[in-house]
Amino acid sequence: MDGLLDEWPVTGGLILNIASADTYNGFIQGSGDLSAEIHSQWDYNYLYLGIRVYDDVRIADSGTSLWHDDTVEIGLDGLHDYQGWQPDDHQYALRVDETFADRGVIQESTNVVTAIHLVATGHQIEMAIPWENLGDVPVVGGRIIGFNLALSDDDDGGRYDARLVWEGDSTFSGSPDFGYLELIGEPRGTPTPTALPTSTPTPTPAPPRGIESEGVVRAPVVDGALEEWPESGWLLLNVGSADTYNGLIQGEDDLSAELCSYWDYDYLYFGLRVHDDALVVDSGTSLWHDDGVEIGLDGLHDRGGWAADDHRYTLRIDGTLGDLGTIQGNSNVVTAIRAVAGGYEIEMAIPWGNLGGAPVESGRVVGFNLGLSDDDDGGGYDGRLVWEGASTFPSSSEYGFIELVGESHPTIALVPGRNLVSLPVRPEDTSAAVVLSSIEGYYTLVYAYDASDQADPWKRYDPSVPAFANDLLTIDETKGLSIHVTEAVTWMVSSYELSSGSVPLQTGWNLVGYPSLEPRSVSDALASIEGLCTLVYTYDLSDEADPLKVYDPAASPGANDLTEMVPGRGYWIRVTEPCQWHLGS
């Protein structure tokens with residue numbers, strides 16, 4: 001008994017790794033990071049175990065909490081009577097520094113003989129357990145003993161980073177979950193025990209993962225239906241991508257999810273498709289024991305945890321919302337859930353006021369984590385996945401992150417020359433100088449045409465003349481504009497509200513905007529003035545070969561080259577009488 005396994009077989013032992021474990025928690029970077037092979041022998045005095053542990057970093061820094069360090073646990077039900085917590089039942093834990101415990105209690109003096117030997121790939125263990133510890137029954141070939149094996153891995157100090165359990169989810173004496181060990185053959189000789197010291201190498205932590213949240217002008221409607229969300233590019237959480245995997249999950253249909261995120265200046269939005277073949281709610285305020293999702297957020301990305309910007313929102317499939325374990329009876333977080341075939345869909349809108357006072361802008365980074373719980377048969381959860389680290393509670397150093405990308409306001413690309421454009425939204429401040437401020441220095445003249453002013457329909461704004469010399473005083477979403485630009489620039493309005501989508505038209509020609517964020521076919525867009533509209537045209541300087549686009553309702557099919565009306569474009573529309581053009585919301 002010296003920790004050297006020269007007397008033991010080289011192959012044929014029980015393998016414990018990610019693939020063979022019933023329970024897998026945390027992040028394990030392959031078999032070299034955490035796995036083991038165990039063999040057993042016996043004689044009339046002892047049950048012997050020889051274990052090769054593969055572990056590239058060895059840590060022992062958690063005092064009496066052995067399971068938070070590099071530790072092997074052996075669960076034994078000596079009489080194989082499934083009783084648990086009887087004198088024949090044990091949970092032996094042996095840490096890499098040779099600290100030994102039984103059922104969580106450090107054993108300063110024990111009749112169990114142990115030895116550890118460090119090797120390049122990890123460490124080797126020998127253990128000799130007296131039969132008297134395992135119940136008063138004959139030690140003979142054919143005897144069966146309840147048995148379980150677990151490994152804990154700590155790569156960077158503090159709590160464990162990963163954990164494997166061979167059968168069930170624990171090595172404690174819940175013997176019905178155990179596997180078994182059968183004595184075969186005849187007794188062999190008994191080695192002599194010795195022991196060797198250990199060391200603690202320097203860890204190399206893995207970098208956190210991140211996703212992007214896309215800025216949107218039109219916020220998604222939080223109704224649980226995901227039609228406004230993209231078809232691809234979502235974060236996938238399943239057994240393969242999770243840092244922590246607890247319980248039994250029988251494929252992606254049993255438990256997995258995709259998540260996508262949007263943002264605007266009011267909310268951070270999440271859309272989730274959750275795949276779950278059995279939906280259960282029966283655990284009262286213990287939301288994590290039923291079917292639901294958890295969103296962990298570190299709003300300021302300061303990794304502080306448990307501050308005002310930190311949240312762990314739990315949303316159960318019955319719509320119950322919790323934050324940091326407390327049910328939220330009245331919350332400013334907007335949520336919606338919709339049951340679908342094979343699971344459910346979720347939308348969630350979280351006000352930026354909940355996430356700290358940092359500016360809401362492209363490039364901001366928010367700490368983020370995602371968890372899923374699955375209950376298939378009532379009671380406690382049956383399966384659980386965590387994307388980064390071991391928990392969605394605000395232990396923010398374990399979180400991944402979300403980065404805000406894009407813009408959350410309308411943008412219109414202008415090219416050198418005369419651009420026929422309009423705003424798809426209504427500026428909160430419609431004064432011409434404010435509306436045009438984002439392209440200041442890039443434009444020389446702006447024209448509009450007001451058909452209701454028959455005496456002087458042309459209105460202009462020249463930034464180089466005194467204010468009183470201009471008669472284009474306001475700009476809103478109903479006006480079409482001709483903007484003369486000196487070089488390519490992006491025009492945007494950062495303070496706005498959505499338009500009603502209605503534009504007044506006068507008899508004859510009208511230069512108007514397109515007050516909508518959604519493109520439409522010309523026939524759909526003009527449906528409200530069908531029979532009154534006789535001609536529509538626009539021009540697009542980016543199409544150098546054919547900038548002028550025309551739609552004539554009386555023309556034969558295929559004769560028109562203006563087929564779609566789009567946000568940001570200005571249009572000339574001719575009508576036979578005064579009317580109101582309605583695009584809807």
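Taking the ring centroids of Tyr265 and Trp352, they lie at or beyond the 6.0 Å cut-off. You'll find the ring centres of Phe270 and Phe368 inside the 6.0 Å limit.
Side-chain contact, His275 with Glu258: a donor N or O sits under 3.5 Å from an acceptor N or O. No donor-acceptor contact under 3.5 angstrom links the side chains of Asp291 and Tyr381, judged on distance only. Side-chain N/O atoms of Trp229 and Glu347 include a donor and acceptor closer than 3.5 Å. With hydrogens and angles left out, the side-chain atoms of Gln328 and Asp323 include no donor and acceptor closer than 3.5 Å. Using modelled atom types, one finds a donor on one side chain and an acceptor on the other under 3.5 Å when comparing Ser62 with Asp69.
Looking at every heavy atom in both residues, Asp33 comes nearest to Ile28 through OD2-CA, 3.5 Å. Taking both residues in full, the closest heavy atoms of Thr171 and Ala150 are given as CG2-CB, 3.4 Å, listed atom of the first, atom of the second, then distance. Heavy-atom minimum distance, His39 versus Arg52: NE2-NH1, 3.9 Å. Nearest heavy atoms, Ser213 versus Leu268: OG-CD1, 3.7 Å. Across all their heavy atoms, Val222 and Ala336 have their closest contact at O-CB, 3.7 Å. Minimum heavy-atom separation, His311 to Asn354: NE2-O, 2.8 Å.
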Practice problem: Take Leu181 and Ile144 through the test side-chain contact (heavy atoms from CB on, under 4.5 Å) and record every step on the way to the result. | Solution: CA-CA 6 Å; Leu181 183 153; Ile144 293 178; over 6 Å; no

Quiz item: After noting the C-alpha distance and the side-chain angles of Glu73 and Arg163, does the key distance pass the salt bridge (Lys or Arg N to Asp or Glu O under 4.0 Å) rule?
Solution: CA-CA 11 Å; Glu73 297 171 12; Arg163 181 170 167 80; 2.9 Å; yes

Quiz prompt | Residue pair Arg316, Glu294: steps toward the salt bridge (Lys or Arg N to Asp or Glu O under 4.0 Å) verdict | solution = CA-CA 9 Å; Arg316 189 166 60 186; Glu294 298 167 7; over 6 Å; no

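The cationic atom of Arg273 (NZ for Lys, CZ for Arg) lies less than 6.0 Å from the six-membered ring centre of Trp234 and within 45° of the ring axis.
For the pair Glu388 and Arg209, the salt-bridge criterion is met [side-chain N within less than 4.0 Å of a carboxylate O].
Partners of Phe100 by ring-ring contact (aromatic ring centres under 6.0 Å, His included), not counting sequence neighbours, listed by chain and number: Tyr92. Not a single salt bridge (Lys or Arg N to Asp or Glu O under 4.0 Å) links Asp154 to another residue, sequence neighbours left out.
Of the candidates Val72, Val53, Leu16, Leu14, Ile38 forms a side chain to side chain contact (heavy atoms under 4.5 Å, CB included) with just one, namely Leu14. With Ile346 as the fixed residue, the side chain to side chain contact (heavy atoms under 4.5 Å, CB included) test singles out one of Leu272, Ile295, Thr335: Leu272.
Taking 4.5 Å as the limit, every side-chain heavy atom of Asp290 sits out of range of all side-chain heavy atoms of Asp318. Annotation: side chain of Asp277 is in contact with side chain of Asp376 (closest heavy-atom distance under 4.5 Å).
The 12-atom threshold is exceeded at CG of Asp282, counting heavy atoms of other residues, nucleotides or ligands nearer than 6.0 Å.
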